[in-house]
Visitor: 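Okay, here's the structure, questions in a sec.
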Number of protein chains: 2
Amino acid sequence: MARSSETSMNIGEAARASGVSARMIRHYEQVGLIAPPARAASGYRSYGPQDVHTLHFIRRARDLGFPLDEIGRLLALWHDRNRPSAEVKALALRHVAELDAKAAALQAMSATLRRLAGHCHGDDRPDCPILDDLAQPADQALPRHGTSAGTAAR
Amino acid sequence: MARSSETSMNIGEAARASGVSARMIRHYEQVGLIAPPARAASGYRSYGPQDVHTLHFIRRARDLGFPLDEIGRLLALWHDRNRPSAEVKALALRHVAELDAKAAALQAMSATLRRLAGHCHGDDRPDCPILDDLAQPADQALPRHGTSAGTAAR
DNA sequence: CATCCACCTTGCCACCATGGCAAGGTCAAG
DNA sequence: CTTGACCTTGCCATGGTGGCAAGGTGGATG
C-alpha cells in the first residue's frame, strides 16, 4: 500500500485522494483539461499534492454540473491571480441559468405527465388518458399547459 | 412535391408529418422501436398514416422525456387492447419520479452555485468565493447545504 | 432525351462524460 | 519466483441526435 506521508502518488492514490476516478484523470489529461503529469521510470503517472488539489477542484465543479470546457475556464481563472471576480461570477451565473432552464424543462414534463396520470384510473381496465394523450393526432385535449416544455428540454 | 392526399409517403414526408426527423426514424427502425416499413421498388421506405401516427406517438413520448426503451413499452401497451391502465400509470409515475429526481439535482446545484455567486463581489478584484469554494481542500466553509446534490446528479 | 435538383440509400464519425474490458508491463510482499 | 494489486494503452458502449460522404432515384424542366 501507499505511505500516506509520500507527496508523490500513482494515479490510483490520486484518484482516491481527489474523488476523481483514475479513468477520468486520464481522460482529463487526454482532452487537455489538466497537464500531463511527470512519469516514473516505469511509465506510471506521478501526481503531487497540487495536482490532487486541481483534480479535487475539477471534481467539485463537476458536482455543480459544469461541463468540462467551462471547468477549463474556471481553472484558468483560478490560476490567474489578476482575474476579475466579475468574470467568474458571470460564468457561474450563466451556468445557473442553464441549470434552471434544464430543471424547468424537466419539471414541465413531470407536471404534464403527473397530471395525465392523475386522470388515469390505474386499474385493470384498458382505458388510459395517458396513452390517449400520447396518441393525440395533433394538439387537442389536455393541452400540454405551461410554458413550452419539451422543445427546450434535453 | 407530394400530393397531400396520398396515403403512402417517403421518409421525408413522414418526418414532416410526424415531427420526427428522417434521421431518427431510421434510427428507431434500427434499434427495433418501430417495424421496418414497406419499401418501394426503388428501395425507398414507404410510410402509411398508421406509421406516421406511431411516429407522432413516439415524438410526444420523447417530448415528455421518456427514454426509448420505455417508449417501446408504451407502444406495446398502446397496441395491447387488454392492457391494464395500472401498468401504464405505473410506468408514467416511475418516469415522473425520475424527472423529479433529476430536476431536484439540478436545482440543488443551481441553489448552491447561486448562493456562492451571491457572495461574490463580481468586480475587478480577484477575490472570489466561488473559486474559493471550488478550491476547498475538503469540505469546510459554505457547506453545500441541503440534501446531497452533486452525487445524485447526472 | 439530357439535365438538374431534391430526395432517398447506407455507413461512419462526433458529441459528453463515464464505464468496461482486454492484453500487457511493474512492483512489492510473501 | 510467484502472486496479486496496480499501472499502461486502446477500443467499444452508453443515449439521442446531428453531420458528412458517396452513390442511387424520381420527377420536372429545357
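Proteins get letters first, then strands, A, B, ... in listed order; numbering begins at 1 in each.
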Visitor: Nearest to the side chain of B/M24, heavy atoms from C-beta on, is which of D/dT8, D/dT17, C/dC7?
Guide: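 Out of D/dT8, D/dT17, C/dC7, the nucleotide with an atom closest to B/M24's side chain is D/dT17.
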Visitor: Salt bridge (Lys or Arg N to Asp or Glu O under 4.0 Å), that's the test. Do A/R45 and A/E29 meet it? Break it down for me.
Guide: CA-CA 11 Å; A/R45 288 172 180 80; A/E29 177 187 335; 2.7 Å; yes
Visitor: Between atom CG in A/L33 and atom P in C/dT18, what is the gap in whole Å?
Guide: 10 Å
Visitor: At a heavy-atom distance below 4.0 Å, what parts of residues 35-45 of chain A sit against DNA chain D?
Guide: A/R39, A/G43, A/Y44, A/R45
Visitor: Is any side-chain N or O of B/R62 closer than 4.0 Å to OP1 or OP2 of D/dT17?
Guide: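 B/R62 to D/dT17 OP1/OP2: side-chain N or O found under 4.0 Å.
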Visitor: To the nearest angstrom, how far is A/H27 atom NE2 from D/dC12 atom C1'?
Guide: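 Taking NE2 of A/H27 and C1' of D/dC12, I get 15 Å after rounding.
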Visitor: Quick one: do the A/D123 and B/S85 side chains pair a donor with an acceptor below 3.5 Å?
Guide: yes
Visitor: When you measure from the side chain of A/I11, which nucleotide among C/dT9, C/dA17, D/dT8 comes out closest?
Guide: D/dT8
Visitor: Rounded to the nearest Å, what distance is computed from the CD atom of residue A/E13 to the P atom of nucleotide D/dC7?
Guide: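 It is 7 Å, rounded to the nearest whole Å.
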Visitor: Can you check whether A/D100 reaches B/L106 side chain to side chain, under 4.5 Å on heavy atoms?
Guide: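 Not in contact.
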Visitor: Just how far, in rounded Å, is C1' of D/dT9 from CD1 of A/I25?
Guide: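 Spelled out: CD1 on A/I25 to C1' on D/dT9 is 16 Å.
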Visitor: Please report, rounded to the nearest Å, how far the P atom of D/dT9 is from the CD atom of A/Q30.
Guide: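 The answer, rounded to whole Å, is 9 Å.
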Visitor: In whole Å, I'd like the distance from the CE atom of B/M9 to the C1' atom of D/dG26.
Guide: 19 Å
Visitor: To the nearest 0.5 Å, tell me how far A/D80 CG sits from A/L75 CG.
Guide: 12.5 Å
Visitor: Whole angstrom is fine here: how far is it from CG in A/D63 over to C1' in C/dA17?
Guide: 13 Å
Visitor: For C/dA17, does either OP1 or OP2 sit under 4.0 Å from a side-chain N or O belonging to A/Y28?
Guide: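 Checking C/dA17 against A/Y28, no side-chain N or O comes under 4.0 Å of OP1 or OP2.
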Visitor: If you check the B/R16 side chain, which of D/dT9, D/dG16, C/dC7 turns out closest?
Guide: C/dC7
Visitor: Both B/G12 and A/L68 contact DNA chain C. Which one's nearest nucleotide lies toward the 5' end?
Guide: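 Counting from the 5' end, the first nearest nucleotide belongs to B/G12.
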Visitor: Nearest-Å distance, CG (A/D69) to P (C/dC16)?
Guide: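 To the nearest whole Å, that distance equals 7 Å.
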Visitor: Measure up the A/F66 and A/H95 rings against each other and bin them: parallel (under 30°), tilted (30 to 60°), perpendicular (over 60°).
Guide: parallel
Visitor: Using the rule side chain to side chain contact (heavy atoms under 4.5 Å, CB included), only one of A/I58, A/D63, A/L64 pairs with B/L134; which is it?
Guide: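 Only match with B/L134 under side chain to side chain contact (heavy atoms under 4.5 Å, CB included): A/L64.
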Visitor: Does the B/D51 side chain pair with the main chain of B/G48, one donor and one acceptor, at a distance under 3.5 Å?
Guide: yes
